[in-house]
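Atoms considered below: every heavy atom in the structure, side chains included; atoms not considered: hydrogens, waters and symmetry mates. We count ligands from 1, going down the list as the structure has it; atoms in each ligand are counted the same way. Numbers here are sequence positions counted from 1.
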Amino acid sequence: MATDDITEISSPCLCGKGKIVVSQSMPDHAWVRESQISYSAEIDCPDCAVIYIVHHDYHSLPSLVRREDARKRDTAIARRKAAESEVAMSPEAQRLIPRIVSAIDSQSSMAARHRALQRFHLSYESLGTYRKRPYDGTHAVRSASGGHLADIGSHPDIGGEDAAYFAAAAEKIKALAAEERALELQPVRTNARWMRL
Ligand SMILES: [Zn+2]
């Protein structure tokens, strides 16, 4: 098993009484690619740790964000996920799923099945790719989130008597997703080495 080379750099924290410690970790061999270098940061200051939290971005430098902002965003994400799983677990979804499956599987050719999958946004691949690895409606619908099911069910031709339920759910999920995007975390400027700002 390969070992990692770890380098630590300390910079002053925002209030100046403590420090921010960033560790850089990379594989211990000569051919390191940028994507193999990772960073992790810690706030070594009790005062700053009350206000800020480290945000680790995959394959990017860490940043400091306000704890309060991160908490608000986590709450928004949890609300959107709860709304999505409410739809996914609903009796309406249990009625919708077999309709989607049959609308796909009842098609007589592979090209028609592919068109049906694309109509429901359950496939983004080309017909050529689909032909190489075809799958049925049951498989396709398994990956659909609650928000996705709500979008599909909003169409009266597939949602039937539940279309209004799905349309309302889709609106609610869209509004919650918009709230979540508006709470995108803004990094705080630290001027510390190996931090995003
Ligand atoms: Zn501090």
- Using a strict 4.0 Å threshold on nitrogen-to-oxygen distance, state whether R133 and E125 make a salt bridge. no

- Query: Can we say R113 and D105 salt-bridge, meaning some charged N sits less than 4.0 Å from an Asp/Glu carboxylate O?
  - Reply: no

- Message: Could you check whether D157 pairs with R119 (Lys NZ or Arg NE/NH1/NH2 to Asp/Glu carboxylate O, under 4.0 Å)?
- Response: yes

- Message: Could you check whether D74 pairs with R79 (Lys NZ or Arg NE/NH1/NH2 to Asp/Glu carboxylate O, under 4.0 Å)?
- Response: no

- Item | Every N, O or S from the protein that is nearer than 2.8 Å to the Zn ion (ligand 1) | C13 SG, C15 SG, C45 SG, C48 SG

- Linking Ile, Leu, Val, Met, Phe, Trp and Tyr by side-chain heavy atoms under 4.5 Å, what else ends up with L185? I53, V65

- Message: With side chain to side chain contact (heavy atoms under 4.5 Å, CB included) as the criterion, how do R196 and D57 come out once you've worked through the C-alpha distance, each side chain's angles and the decisive distance to 0.1 Å?
- Response: CA-CA 10 Å; R196 239 175 90 196; D57 252 338; 3.2 Å; yes

